[in-house]
Number of protein chains: 2
Amino acid sequence: MKKRDVYKRQAKVLKALASESRLMIIDRLGRGECSAGELTALVGSDQSTVSKHLAVLRAHDIVEDRREGTTVYYRLLTPCVLDFFSCAARVIKERS
Amino acid sequence: MKKRDVYKRQAKVLKALASESRLMIIDRLGRGECSAGELTALVGSDQSTVSKHLAVLRAHDIVEDRREGTTVYYRLLTPCVLDFFSCAARVIKERS
DNA sequence: ACTATATATGGCAGTATGGCCATGTTGGCA
DNA sequence: TGCCAACATGGCCATACTGCCATATATAGT
């Protein structure tokens, strides 16, 4: 693959994560599966807003969902996204 | 600091990186200092566009600049941002 | 002071993003 | 079938981003 395309794909992943709300969701899912409802309460935005954030994460194969009755449970599909937290923490620490 | 603020700061860092052009710049700077002109040629966008990307990276203390005559040289101020590349690569690999 | 080179900035247009409200869909249960 | 609960989706608005062009700034050389 061309190097340019690699940058493009990496930028897409970063964009999918670059949101305060989505980081909250990912951090929570890093501690285990969780329903959309709980995530909505956690983030504190409108239910539709959180659902859209979840759609973004799904579209990027960062999370996957599982329906059980009327409840939809989400979990991390690529747990290594959690590594970004330590990276970001290092950056924030290093520059301050 | 409140957890919420941590997410906000991390999201800002990720946003600063979440751009194909800025990833190209960072990757290049990871291999050593480089002038704004060279970076412009590398990215291939208008000179003003690249200059603005550099301003974003400066504003987030990801790069710093050094003037020598009329030429401005950039270098990574927080080299650990390079870790994001391996993180992103892992994510892309893990989900495919 | 004048000119050329290297970079930065202001302004604009098109597009994307994030939030909300309203509505649609799906599943469980009477 | 009817209804409620849990999510998802469409539409809309305000704001932010990205690219370009034009212009401003800074430094060197004449």
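Every heavy atom of this structure was used, including side-chain atoms; hydrogens, water molecules and symmetry mates were not. Lettering of chains follows the sequences in order, A, B, ..., and the numbering in each one begins at 1.
You'll find the side chain of B/Glu68 stays beyond 4.5 Å of the side chain of B/Ser35, heavy atoms only. B/Phe84 places none of its side-chain heavy atoms less than 4.5 Å from the side chain of B/Leu23. Side-chain contact between B/Gln10 and A/Ile92: present, with at least one pair of heavy atoms (C-beta onward) separated by less than 4.5 Å. Proximity of A/Asp27 to B/Lys3: side-chain heavy atoms (C-beta onward) are separated by under 4.5 Å at one or more points.
Residue-level contact check: B/Thr49 touches the bases, meaning some heavy atom is under 4.0 Å from a base atom. Across all strands, B/Ser45 comes closer than 4.0 Å only to sugar-phosphate atoms, never to a base (heavy-atom distances).
For B/Ser51 and C/dT7, the shortest distance from a side-chain N or O to OP1 or OP2 is not below 4.0 Å. Regarding contacts with the backbone of C/dA6, every side-chain N or O of B/Tyr74 stays at 4.0 angstrom or more from both OP1 and OP2. Side-chain nitrogen and oxygen atoms of B/Arg67 include none within less than 4.0 Å of the OP1 or OP2 phosphate oxygen of C/dA6. Between A/Thr70 and the phosphate of D/dA6, there is no side-chain N or O to OP1/OP2 separation shorter than 4.0 Å. Note on B/Ser21: a side-chain N or O is less than 4.0 Å away from OP1 or OP2 of D/dG19. In this model, the phosphate group of C/dG19 is approached by a side-chain N or O of A/His53 to a distance below 4.0 Å at OP1 or OP2.
Taking only side-chain atoms of B/Gln47, from C-beta outward, the nucleotide of D/dG10, C/dG18, C/dA8 with the closest atom is C/dA8. If you check C/dT9, D/dC7, D/dT18 against the side chain of B/Ser48, the one that comes closest is C/dT9. The side chain of A/Ser19 approaches C/dG18 more closely than any other nucleotide in the set D/dT18, C/dG18, C/dC20. The side chain of B/Ala36 lies closest to C/dT7, out of D/dC7, C/dC20, C/dT7.
Put simply, CE on B/Met24 is 15 Å from C1' on D/dG19, counting in whole angstrom units. Atom pair B/Ile25:CD1 and D/dT18:P shows a separation of 11 Å (rounding to whole Å applied). Spacing between atom CG of B/Asp46 and atom C1' of C/dA6 amounts to 14 Å, rounded to whole angstrom units. When rounded to the nearest whole Å, the span between CG of B/Leu54 and C1' of D/dC17 equals 16 Å. Look at CZ on A/Arg22: it is 12 Å from C1' on C/dA16, rounded to the nearest Å. With rounding to whole Å, A/Arg66 atom CZ is found 18 Å from D/dA8 atom C1'. Put simply, CD on A/Glu68 is 11 Å from P on D/dC7, counting in whole angstrom units. Between the CG atom of B/Asp65 and the P atom of D/dA26 there is a distance of 14 Å, rounded to whole Å.
Nearer the 5' end of DNA chain D, as judged by each residue's closest nucleotide, is the contact made by A/Ser35, out of B/Lys52 and A/Ser35. Nearest-nucleotide assignment on DNA chain D puts the 5′-proximal partner with A/Arg58, out of A/Arg58 and A/Lys15.
Cluster annotation: A/Tyr73 and A/Leu54 are assigned to distinct hydrophobic clusters (Ile/Leu/Val/Met/Phe/Trp/Tyr, side-chain heavy-atom contacts under 4.5 Å, transitive).
Contact record, A/Leu39 with A/Arg28: CD2-CG, 3.8 Å, taken as the closest heavy-atom pair.
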